[in-house]
Amino acid sequence: VTVESMISACESVKSACVTMGAVQTLLDVHGPALLLNIVRSCNRSAPQQHLLGAAMGCLMAVVAHAKGVRAVAAEDDCVATLLDLLQMFRDKRSLFVSCCSVLVSLTKAVPAVQKLCAAETSKARIAGICTIVERKHRLDERMRSVQKKKKEDEDEDDSVSAIHRLMVLL
């Protein structure tokens, strides 16, 4: 089985999961467990990240249904797996947002997940990830501001240089 074939399969499953019937079929074949196994097995290589994105897309489609959200939450180490993913891919926006979305859906719908996430160790871990993500966001904002200022200065320098070239000719 190739990574490409797994990506294709995940994308097909995601497309099918718009109906509860398709979600039920996925639940009948232990789809959430398989998807979480895929998530656990992915590393940071580009093809694996693509596979991870496809698997997270499936999970997002599954948790959009009440029965699906309960089935995903019932999987062993579901919360731990998603917290690991948050930490490991906090610099990969799409994966990070997908993972947060799945965790939010699970937390809202399943009191046991909310309790797990609110537990001292999980909450501290989430707070730590939050601090890192916020710090990176502030740094990125400063970098964009500096780059914008530099560009404005360059444009101004170009304007001054251009007018000086004109003045020399007069």
Side-chain angles (χ1 to χ4, degrees), residues 1-138 140-141:
V1 178
T2 66
V3 171
E4 291 78 18
S5 65
M6 290 177 68
I7 292 168
S8 179
C10 284
E11 289 171 350
S12 296
V13 168
K14 177 186 171 190
S15 296
C17 281
V18 294
T19 67
M20 187 53 216
V23 171
Q24 184 58 56
T25 301
L26 185 66
L27 299 179
D28 291 343
V29 297
H30 308 288
L34 296 171
L35 290 168
L36 287 167
N37 282 335
I38 290 171
V39 167
R40 281 185 207 98
S41 70
C42 287
N43 61 40
R44 289 184 57 89
S45 70
Q48 295 276 314
Q49 286 184 46
H50 193 69
L51 174 57
L52 184 56
M56 289 305 299
C58 286
L59 282 172
M60 287 176 60
V62 171
V63 300
H65 301 274
K67 202 169 184 180
V69 76
R70 289 189 304 272
V72 172
E75 291 299 326
D76 290 339
D77 295 330
C78 172
V79 172
T81 298
L82 293 171
L83 289 177
D84 288 346
L85 186 68
L86 274 181
Q87 189 165 359
M88 196 160 110
F89 292 97
R90 64 185 179 263
D91 61 329
K92 303 296 181 189
R93 184 185 177 282
S94 178
L95 293 173
F96 186 83
V97 170
S98 297
C99 186
C100 281
S101 296
V102 170
L103 270 170
V104 166
S105 294
L106 293 170
T107 301
K108 283 181 175 180
V110 182
V113 172
Q114 197 282 331
K115 188 176 178 179
L116 273 173
C117 288
E120 196 171 321
T121 55
S122 296
K123 193 172 183 177
R125 191 170 177 193
I126 293 167
I129 294 166
C130 181
T131 299
I132 291 167
V133 170
E134 288 173 339
R135 184 179 305 135
K136 183 177 182 332
H137 177 73
R138 284 191 304 274
D140 288 347
E141 285 294 314

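A quick note: this is a predicted structure, and the numbers were derived from the prediction, not measured.
In this structure, D76 places its CG atom where only 12 or fewer heavy-atom neighbours from other residues, nucleotides or ligands lie under 6.0 Å away. In the displayed structure, E120 atom CD is contacted under 6.0 Å by at most 12 heavy atoms of other residues, nucleotides or ligands.
A donor-acceptor pair is defined here as one N or O able to donate and one able to accept, closer than 3.5 Å; no such pair exists between the side chain of T81 and the backbone of R40. Using modelled atom types, no side-chain atom of S122 and backbone atom of A119 make a donor-acceptor pair closer than 3.5 Å.
Nearest heavy-atom pair, V23 versus H65, reported as atom, atom and distance to 0.1 Å: CG2-CD2, 3.2 Å. Across every non-hydrogen atom of H50 and I7, the tightest pair is CD2-CD1, 3.1 Å. Between I126 and C117, the shortest heavy-atom distance links the atoms CD1-O, 4.1 Å. Across A80 and R125, no two heavy atoms sit closer than the pair O-NH1, 4.4 Å. Listed here is the closest heavy atom pair of L51 and V3: CB-CG1, 4.2 Å. Heavy-atom minimum distance, C17 versus A61: CB-CB, 3.7 Å.
The structure places CG of L52 at 11.0 Å from CE of M6, a figure rounded to the nearest 0.5 Å. Rounded to the nearest 0.5 Å, atoms CD (E141) and NE2 (H137) are 4.5 Å apart. For the atom pair CZ (F89) and CG (N43), the distance works out to 7.0 Å, reported to the nearest 0.5 Å. Between L82 atom CG and M56 atom CE the span is 5.5 Å, to the nearest 0.5 Å. Between the CE atom of M20 and the NZ atom of K67 there is a distance of 5.5 Å, given to the nearest 0.5 Å.
Using a 4.5 Å heavy-atom cutoff, the side chains of E75 and L34 are not in contact.
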When the side chains of residues 91-112 are checked against the rest of the protein, which donor-acceptor pairs come out under 3.5 Å, sequence neighbours left out?
from: D91; atom 1: OD1; to: R44; atom 2: NH1; distance (Å): 3.1
from: D91; atom 1: OD1; to: R44; atom 2: NH2; distance (Å): 3.3
from: D91; atom 1: OD2; to: R44; atom 2: NH2; distance (Å): 2.8
from: S98; atom 1: OG; to: S94; atom 2: O; distance (Å): 2.9
from: S101; atom 1: OG; to: V97; atom 2: O; distance (Å): 2.9
from: S105; atom 1: OG; to: S101; atom 2: O; distance (Å): 3.2
from: T107; atom 1: OG1; to: L103; atom 2: O; distance (Å): 2.7

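Partner of C58 under the side-chain contact (heavy atoms from CB on, under 4.5 Å) criterion, chosen from I38, V63, L35: L35.
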